[in-house]
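Worth knowing before you read on, the calculation uses all heavy atoms, side chains too, and leaves out hydrogens, waters and symmetry mates.
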Amino acid sequence: MVLAVLCLAQLVVVLDNTVLTVAVPVLTAELHASTADVQWMINAYALVLSGLLLTAGSAADRYGRRRMLLAGLVLFGLGSLAAGLARTADQLIAARAGMGVGGALLVTATLAVAMQVFDGAERSRAIGVWAATSALGFAAGPPIGGAVLAHLPWGAIFLMNLPIVLICLVVGRSLVPESRDPAGGRLDLGGVVLSIAGLTAVVWSIIAGPERGWTSAEVLGAAAAGVLLLGLFVRWERRARHPMLDMHFFRDRRFVGAVSGVVLITFGATGALFLLTQHLQFVRGYSAWEAGLRMAPFALSIVLLNVSGAAAVAIRRLGLPAAIAVGMGLLAAGLALVTHGPSDGYGVLLAGLLVMGTGCALANPAIVEAVMSAIPTEKAGAGAGVDGTMTEVGSSLGIAVLGAVLNARFTALLPAAAAGAGSFPAALAAAGGGPDREAVRVAFADALATGQTVGAVAVLAGGLVAAGLLHRAERLAAPAAG
């Protein structure tokens, strides 16, 4: 029951990262939202969430993981209610930012509570189910959003969170045990301010880069300021009496290898999956919710392999480094099959998605377990904060960089009649009809294939590098332990 509460809470957090994508046309029409407004409706949530993850993890350790879980549910529920009742674009953006505060508390508290409640083989299986829930939320967002919009007003996308939040509050309050770091100390205000400002600036520059230009003054300025602030954060934490993030963790090769693996793996996986959703919609012609429905076997295979315990058994037999390498190799192979296999019918796509799901079912829990097992359990909140932050940074980079690869290739292949068009729909409109229109379609399909191939290579390389770093750390630690 405790695990069910944790997974339900994690599910709504991840769902709200993707569920809004299908509502863009409705929001534009009903709220008279500009393109910039729509981008902020989507990005405000991710930006606030990523900026607060380290702080939220530290707060969970200091003030109680159960307390922060319940606080996160309340804030997320209030933000969802405000979003569902919003009547202007600014109101919705503010509500989404509020949801991000609750989301940061939930992402860190759910994983930290799981580390306290479960141990041994049970912990590996619980982490696997938790990680599988995240994959399910990512894939289920578009079809759930589309199904809701087909029958209800757009506000229902957010209001449907409320029953889940209430259930988790009631059950969580009665069943989840309280735990905290006995040596938590006072709140590290300097670390809080520097980490929030630095992470927000870095993630904003990544998100804004494709639209405003990677070499624009605001993007470069935000990136430089973010890096400087994070450098100051590291220096502050080394001298702080009660640091929110113990920098000694980074002397552990196993921890460094695991954290590096999180960034590398999420970079390739999230970016490639982002392009895959566009492939299904623009190349194969599915609507947003139909594309999400056809991707469901990917998420369901992850859930099935983890809930059944098969993934945990395989990870235990292979070991964490090998499980990550095999898992990311399968994910890369599945992406390559979907990208370069025959596109007629659903059979090849289904096979590719199942191979991808099997890979994620192995790699995702293994990399989370690698991060969390490298730090003391009393610092579980801080570990969850680091894992969540690196996941957000890697995901944002993957979408931005592979999106840039797609756009660069698409622009280079466009026919003269559509030259300069900033998007696939704009290029189709500029091309008119006849051969030019077909040339635009071929150019976009080719560009997507290039981006997905780069993503598959990044997934494989990231998995091998992460596995190599972890294997080396384990090999070097073995003589010391003996």
Side-chain angles (χ1 to χ4, degrees), residues 1-20 44-86 92 94-118 126-127 129-134 136-138 140-141 144 148 155-180 380-382 384-385 387-389 391-392:
M1 287 296 292
V2 170
L3 183 60
V5 169
L6 302 181
C7 288
L8 269 177
Q10 176 70 2
L11 180 64
V12 293
V13 172
V14 180
L15 270 176
D16 274 270
N17 259 323
T18 58
V19 74
L20 203 60
Y45 177 74
L47 190 62
V48 172
L49 182 133
S50 57
L52 287 176
L53 281 166
L54 284 181
T55 299
S58 176
D61 286 337
R62 275 180 165 83
Y63 303 119
R65 297 164 187 120
R66 173 179 172 270
R67 180 179 294 176
M68 291 301 104
L69 173 67
L70 298 179
L73 286 166
V74 170
L75 290 173
F76 193 85
L78 291 174
S80 298
L81 178 62
L85 300 178
L92 182 54
R96 290 277 289 169
M99 291 172 67
V101 178
L105 288 170
L106 291 178
V107 168
T108 50
T110 52
L111 183 53
V113 168
M115 292 293 294
Q116 305 302 316
V117 172
F118 301 97
I127 289 176
V129 175
W130 182 90
T133 301
S134 297
L136 177 63
F138 177 84
I144 288 177
V148 170
I157 288 177
F158 303 106
L159 296 178
M160 69 180 183
N161 292 334
L162 298 182
I164 299 175
V165 166
L166 289 173
I167 291 170
C168 290
L169 272 172
V170 172
V171 180
R173 186 175 180 184
S174 61
L175 291 184
V176 174
E178 184 60 283
S179 62
R180 68 185 71 195
D387 176 74
T389 300
T391 297
E392 289 293 326

Handout entry: Within-4.5 Å side-chain heavy-atom neighbours: Leu85 and Phe158
Key = no
Problem - Rounded distance [0.5 Å steps], CG in Leu8 versus CD1 in Ile167 - result: 7.0 Å
Exercise for the section: Compare all side-chain heavy atoms of Met115 with those of Ile127 and state whether any distance is below 4.5 angstrom. Expected result: yes
Practice task
Report the distance from atom CG of Leu169 to atom CG of Leu73, rounding to the nearest 0.5 Å.
Solution key: 4.5 Å
Practice task
Work out which heavy atom in Phe76 is nearest to a heavy atom in Asp16; give both atom names and the distance.
Solution key: CZ-OD2, 3.6 Å
Practice task
Sequence neighbours left out, what pairs pass side chain to side chain donor-acceptor pair (under 3.5 Å) with at least one residue falling in residues 94-115?
Solution key: Thr110-Trp130
Exercise for the section: Answer yes or no: is there a side-chain heavy-atom contact under 4.5 Å between Pro177 and Val117? Expected result: yes
Fill in the blank from the handout: Scanning both residues in full, the closest heavy-atom pair of Ala112 with Ala384 reads N-CB, 4.4 Å
Handout entry: Which atom of Ser80 lies closest to which atom of Asn161, heavy atoms considered
Key = OG-ND2, 3.1 Å
Problem - Working for side-chain contact (heavy atoms from CB on, under 4.5 Å), residues Val170 and Leu166 - result: CA-CA 6 Å; Val170 172; Leu166 289 173; 5.5 Å; no
Exercise for the section: List the atom of Arg67, the atom of Glu178, and the distance in Å for their closest heavy-atom pair. Expected result: N-OE2, 3.3 Å
Practice task
Kindly indicate whether the side chain of Val13, heavy atoms from C-beta on, has any atom under 4.5 Å from the side chain of Leu49.
Solution key: yes
Problem - Backbone N/O of Leu54 and side chain of Ser58: donor-acceptor pair under 3.5 Å - result: no
Completion exercise
Correct closest heavy-atom pair for Leu159 and Pro163 would be O-CD, 3.5 Å
Exercise for the section: Please name the pair of heavy atoms, one in Arg66 and one in Arg173, separated by the smallest distance, quoted to 0.1 Å. Expected result: NH2-O, 2.7 Å
Handout entry: Full working for side-chain contact (heavy atoms from CB on, under 4.5 Å) between Leu6 and Leu69
Key = CA-CA 9 Å; Leu6 302 181; Leu69 173 67; 4.1 Å; yes
Distance-only donor-acceptor pairs under 3.5 Å for side chains of residues 99-107, two or more places apart:
none

Handout entry: Separation of Leu53 CG from Thr391 OG1 (nearest 0.5 Å)
Key = 8.5 Å
Exercise for the section: For residues Leu3 and Val129, determine if any side-chain heavy atom of one lies less than 4.5 Å from a side-chain heavy atom of the other. Expected result: yes
